[in-house]
Asks: 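Attaching a single structure in structure tokens format; questions to follow.
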There are 2 protein chains.
Amino acid sequence: MSNRTAENIFDTLVDGIVAGRMTPGEPLVEQALAEQFGVSRTPVREALHRLEQANLAERGARRAFVVRKMAPEDLAELFEAAGEVESALAALAANRMSEIERRRLEAILGEGDACNDPQSYGDINARFHGTIQSGARNGILAATLDELNLRTLAWRAANFHEDSSRLASSRAEHRAIAQAIFAQDGEATRRLMRSHVASSYIIVADILAKRAP
Amino acid sequence: MSNRTAENIFDTLVDGIVAGRMTPGEPLVEQALAEQFGVSRTPVREALHRLEQANLAERGARRAFVVRKMAPEDLAELFEAAGEVESALAALAANRMSEIERRRLEAILGEGDACNDPQSYGDINARFHGTIQSGARNGILAATLDELNLRTLAWRAANFHEDSSRLASSRAEHRAIAQAIFAQDGEATRRLMRSHVASSYIIVADILAKRAP
DNA sequence: TATCTTGCATATGTATACATGTTCTTTCAA
DNA sequence: TTGAAAGAACATGTATACATATGCAAGATA
């Protein structure tokens, strides 16, 4: 079965990493992956290079690729960077979102209040952030955030399950952000979004610290 | 001579694009480049894929790669994105730069005042921004800015030569930014840096508008 | 026993041939 | 003259063989 193309293989590997099925340090050998996917080394090779560029893979022994390990300092930088970019997007969105988009955001808030299942709350959370992201009217900055989030996702999936107390505070933070957006107060929106991202960082870092002290 | 490796070829092509020797829309054909560099298609291919990922190349007719053309709206988004990221870095730097770094920044300011040659002022300008960038203590966010700047550079090089009036206002803006950093006023630094990047955008956009109205 | 050297195992880097897909051109018919 | 269909041309996608580099292990030598 060689219906898999380079793009396809890349997506599969990304998914495996962000879903936590492939653990940091795990080797990514061209030949082995080629046999596994039923293709030659060439498309696998291309996929691995893209992984490296996306900072999801790095070089290990014998120049081999391995799933990237991140130091705790890298994690802090990563969340700080994502927080800065997403809060910038939110500040822009506060001044640029259409009336329709604002109403959609309000609706998403309502869905979040009515939802207690962590799984589907994750979905609602993604739609909340996605609505703000597209409301900023800057595709390049949005793509930049996507890149960064790909990397935070790898951590979240491996280490983080939303608990109910986090769910409650997430709701409150979302509402505060939305209110700042409705008031078209860019700077308040920026500040609130930054601290929202920071609090999700604290949880991930906390779980990590407890796990490997 | 085939001392050139994939990395080398990538760098050469990037340089050619940002320096304006390769114009937007120019085809990048694997076979032709391979012969030109004296290597096979394989390393050229890899370089082209990296160019595409860096948004410096895109697909043209017959799936061929061409040097990326940017619409004016893209340019606006790009500078806005770069402005947000760099101003975030500057805000962080205002609170994190060491005493030594602050003195270095002051020295660079002095060099800028003493310099009237646009060429070497470009150098000083790069060192000013580089000092702030590294003073922010966030390598990931700094790398993000580098990526964006690679793309703005392609425009600047093709369309922009600093004139002396711009040089004077650039000096004044740098001094204002530095003073906000010395005062450890993150928010003022952010605001000033954002408007500094925006004014360089205005110049590029202006020249562009006069060129192809 | 410690260390340096040599050789091999392993994984990526490159070259080349062939496969695939897309566009342009030519040709034939209405 | 126009339109559609077929095929040639061109460019990338993939497979495979060979080249190169790197780390590890074994053995020789001080």
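Only a predicted model underlies this, so the values are computations on that prediction, with no experimental measurement involved. Within every chain, numbering begins at 1; the chains are lettered A, B, ... in the order of the sequence lines, protein sequences first and strands thereafter.
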Asks: Are the side chains of B:M70 and B:R68 in touch, meaning some heavy atoms are under 4.5 Å apart?
Replies: yes
Asks: Whole-Å distance between C:dA9 P and A:Q31 CD?
Replies: 17 Å
Asks: Please state whether the phosphate of C:dG13, meaning OP1 or OP2, lies under 4.0 angstrom from any side-chain nitrogen or oxygen of A:R59.
Replies: yes
Asks: Could you walk me through whether A:E84 and B:R190 pass the salt bridge (Lys or Arg N to Asp or Glu O under 4.0 Å) test, one step at a time?
Replies: CA-CA 11 Å; A:E84 289 294 341; B:R190 184 193 303 269; 3.3 Å; yes
Asks: Could you list the protein-to-nucleotides 21-23 of chain C atom pairs, N/O on both sides, closer than 3.5 Å?
Replies:
none

Asks: Under a 3.5 Å cutoff, is there a donor and acceptor pairing between the side chains of A:E80 and B:N138?
Replies: yes
Asks: Does A:I9 reach a base, just sugar-phosphate, or nothing at all? Heavy atoms under 4.0 Å.
Replies: nothing
Asks: Taking 4.0 Å as the cut-off, does a side-chain nitrogen or oxygen of B:R45 come that near to OP1 or OP2 on D:dT12?
Replies: no
Asks: Using whole Å, what does the distance between atom C1' of nucleotide D:dT12 and atom CG of B:L33 come to?
Replies: 13 Å
Asks: Roughly how many Å is it from CZ in A:F10 to C1' in D:dG13, rounded to a whole number?
Replies: 18 Å
Asks: Taking the nucleotide of DNA chain D with the closest heavy atom to each, which residue, B:E30 or B:T42, is nearer the 5' end?
Replies: B:E30
Asks: Taking OP1 and OP2 of C:dT14, is either one under 4.0 Å from a side-chain nitrogen or oxygen of B:T5?
Replies: yes
Asks: Stepwise, does the side chain to side chain contact (heavy atoms under 4.5 Å, CB included) test hold for A:Y121 with A:N116?
Replies: CA-CA 7 Å; A:Y121 186 82; A:N116 277 311; over 6 Å; no
Asks: Taking the side chain of A:V29 as its heavy atoms from C-beta onward, which of C:dT12, D:dT16, C:dT14 lies nearest to it?
Replies: C:dT12
Asks: Between A:L51 (CG) and C:dT12 (C1'), how many Å, whole number?
Replies: 15 Å
Asks: What integer distance in Å separates B:E7:CD from D:dT20:C1'?
Replies: 17 Å
Asks: Of all the choices, D:dA11, C:dG13, D:dT14, which nucleotide is nearest to the side chain of A:R41 once you look at every atom?
Replies: C:dG13
Asks: Do you know which of A:R194, A:R166, A:R191 makes salt bridge (Lys or Arg N to Asp or Glu O under 4.0 Å) with A:E173?
Replies: A:R166
Asks: May I ask you to say whether A:R96 pairs ionically with A:E101, meaning some side-chain N is under 4.0 Å from a carboxylate O?
Replies: no
Asks: Do A:E35 and A:E30 have side chains that get closer than 4.5 Å, going by heavy atoms?
Replies: no
Asks: If I take atom CD in residue B:E52 and atom P in nucleotide D:dT12, what distance separates them, rounded to the nearest angstrom?
Replies: 11 Å
Asks: What is the distance, to the nearest angstrom, from the CG atom on A:L48 to the P atom on D:dT14?
Replies: 14 Å
Asks: If I take atom CD in residue A:E46 and atom P in nucleotide C:dG13, what distance separates them, rounded to the nearest angstrom?
Replies: 13 Å
Asks: Indicate whether OP1 or OP2 belonging to C:dG13 is found under 4.0 Å from a side-chain N or O atom of A:H49.
Replies: yes
